[in-house]
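So the structure is just underneath, and the comments pick up after that.
Keep in mind the model is a prediction, meaning the values are calculated, not measured. In the text below, chain A, chain B and the rest are named by the order of the sequence lines, each starting its count at 1.
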There are 2 protein chains.
Amino acid sequence: MTQKSPGLVELCKAKGRRITGQRKIIADVISSAHDHPDVPEIHRRAMRKDEKISLSTVYRTLKIFAEIGLIEQHSFEGGPFRVERAEGPHHDHLIDTTNGRVIEFRSEEIERLQTEIAEKLGYELTGHRLELYGRPKAK
Amino acid sequence: MTQKSPGLVELCKAKGRRITGQRKIIADVISSAHDHPDVPEIHRRAMRKDEKISLSTVYRTLKIFAEIGLIEQHSFEGGPFRVERAEGPHHDHLIDTTNGRVIEFRSEEIERLQTEIAEKLGYELTGHRLELYGRPKAK
DNA sequence: TCGTTAATGCAAATTATTTGCAATAAGGGG
DNA sequence: CCCCTTATTGCAAATAATTTGCATTAACGA
Ligand SMILES: [Mn+2]
Ligand SMILES: [Mn+2]
Ligand SMILES: [Zn+2]
Ligand SMILES: [Zn+2]
């Protein structure tokens with residue numbers, strides 16, 4: 001394993017699922033990823049450990065991890081979804097439109113305003129999606 | 001025409017495109033829509049005026065309208081995109097998760113914070129997407 | 001009215017993701 | 001440690017959403 005995958009597989013087992021070689025690999029790929037890879041990319045990385053692992057298994061495993069709440073699936077600009085380990089404080093994303101790079105940020109203030117707005121409209125906020133798109137400033 | 005379509009078709013023509021019967025119909029469907037219909041729904045409404053209009057033409061026309069900036073395409077929750085006439089001040093959406101209804105809102109404050117955040121990260125904000133999801137408060 | 005060329009309709013192609021099914025393997029019980 | 005049951009996998013085929021190729025039709029300026 002490139003890096004310890006604290007939880008992912010164990011939590012999966014705790015939910016009554018079996019621990020398989022491919023799940024361990026996919027969990028490791030996600031845990032050691034420092035970016036927001038899409039499915040083909042996760043598959044590619046997983047294949048470096050097991051060249052027989054199938055795309056279907058990647059999709060199925062990701063779905064399970066997502067249902068258990070171990071990962072998050074974001075689909076920026078309506079493109080194919082990208083994945084990241086769900087841990088640490090919530091954050092939103094800024095996408096660099098010149099290269100697709102994803103930058104994370106967190107705004108206590110925006111989060112609060114969102115709840116306020118929903119409230120004012122008579123709703124209880126259950127979720128939200130916030131993406132900023134921009135290009136590096138010339139400087 | 002159910003309702004005057006101020007601009008849509010004319011602006012389309014101004015961009016060098018031809019004014020066709022199906023474009024007039026689609027423009028009218030969009031202009032008189034008070035919701036955020038998806039493509040099948042727009043097609044359905046368009047067929048009430050011309051039962052021969054094809055889904056491809058709807059897709060193609062919407063793409064043109066979007067390129068010219070006459071409409072906006074939002075894809076909530078990764079679902080199929082929904083359309084709305086681009087006019088009036090910018091706004092964001094709150095989706096009622098109990099029935100899919102879309103409620104519009106505008107927050108000067110959030111808009112400003114977004115620009116600030118991008119700036120602080122060294123970016124010039126070129127666009128953003130903000131969606132709130134919630135359920136009606138019991139009250 | 002014509003001719004040129006954009007636009008349309010329809011079917012086939014794509015892209016992203018899901019699913020059916022037979023073969024394989026996890027892991028609890030013995 | 002070995003079995004047996006049953007979840008999981010691989011692969012191909014199925015879906016869902018959107019796009020595209022191509023022959024036919026229709027805009028619209030000359
Ligand atoms: Mn992130
Ligand atoms: Mn709207
Ligand atoms: Zn947030
Ligand atoms: Zn906004």
Residue pair Lys63(B), Glu67(B): steps toward the salt bridge (Lys or Arg N to Asp or Glu O under 4.0 Å) verdict: CA-CA 6 Å; Lys63(B) 175 174 285 188; Glu67(B) 285 169 1; 5.6 Å; no
Provide, to the nearest angstrom, the distance between the [atom1] atom belonging to [X] and the [atom2] atom belonging to [N].
{"X": "Ile25(A)", "N": "dA26(C)", "atom1": "CD1", "atom2": "P", "answer": "12 Å"}
{"X": "Lys24(B)", "N": "dA26(D)", "atom1": "NZ", "atom2": "C1'", "answer": "12 Å"}
{"X": "Lys13(B)", "N": "dA6(C)", "atom1": "NZ", "atom2": "C1'", "answer": "14 Å"}
{"X": "Met47(B)", "N": "dG9(C)", "atom1": "CE", "atom2": "P", "answer": "11 Å"}
{"X": "Lys52(A)", "N": "dT8(D)", "atom1": "NZ", "atom2": "C1'", "answer": "18 Å"}
{"X": "Arg18(B)", "N": "dG3(C)", "atom1": "CZ", "atom2": "C1'", "answer": "11 Å"}
{"X": "Glu77(B)", "N": "dA17(D)", "atom1": "CD", "atom2": "C1'", "answer": "17 Å"}
{"X": "Asp38(B)", "N": "dT18(D)", "atom1": "CG", "atom2": "C1'", "answer": "13 Å"}

Residues in contact with DNA chain D, drawn from residues 55-73 of chain A - heavy-atom cutoff 4.0 Å: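 Residues of residues 55-73 of chain A under 4.0 Å from DNA chain D: Ser56(A), Thr57(A), Arg60(A).
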Below 4.0 Å: OP1/OP2 of dA26(D) and any side-chain N or O of Gln22(B):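 No, because none of the side-chain N or O atoms of Gln22(B) sits under 4.0 Å from OP1 or OP2 of dA26(D).
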Side-chain N,O (Arg23(B)) to OP1/OP2 (dA27(D)) below 4.0 Å: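 For dA27(D), OP1/OP2 do not have a side-chain N/O of Arg23(B) under 4.0 Å.
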Residue pair His91(A), Glu84(A): steps toward the side-chain hydrogen bond (donor to acceptor under 3.5 Å, both in side chains) verdict: CA-CA 11 Å; His91(A) 60 261; Glu84(A) 76 176 322; 3.2 Å; yes
Check: dT8(D) base within 3.5 Å donor-acceptor of Arg17(A) side chain: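 When only heavy-atom distances are counted, Arg17(A) does not reach the base of dT8(D) through any donor-acceptor pair under 3.5 Å.
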Comparing Thr20(B) and Pro80(B) on DNA chain D - which has the more 5′ nearest nucleotide: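 Mapping each residue to its closest nucleotide by heavy atoms, the 5'-most match is Pro80(B).
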Worked check of salt bridge (Lys or Arg N to Asp or Glu O under 4.0 Å) between Glu108(B) and Arg112(B): CA-CA 6 Å; Glu108(B) 231 61 78; Arg112(B) 182 176 50 68; over 6 Å; no
His93(A) and Glu131(A) side chains, donor-acceptor separation under 3.5 Å: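 Distance-only check fails for Glu131(A) and His93(A).
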Ionic contact status for Arg45(A) with Glu41(A), cut-off 4.0 Å: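 Yes, Glu41(A) and Arg45(A) are salt-bridged.
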Evaluation steps, salt bridge (Lys or Arg N to Asp or Glu O under 4.0 Å), between Lys13(B) and Glu10(B): CA-CA 5 Å; Lys13(B) 179 181 204 172; Glu10(B) 291 72 12; over 6 Å; no
Option passing side-chain hydrogen bond (donor to acceptor under 3.5 Å, both in side chains) with His90(B) (candidates His128(B), Glu72(B), Arg106(B)):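 Exactly one pass, corresponding to His128(B).
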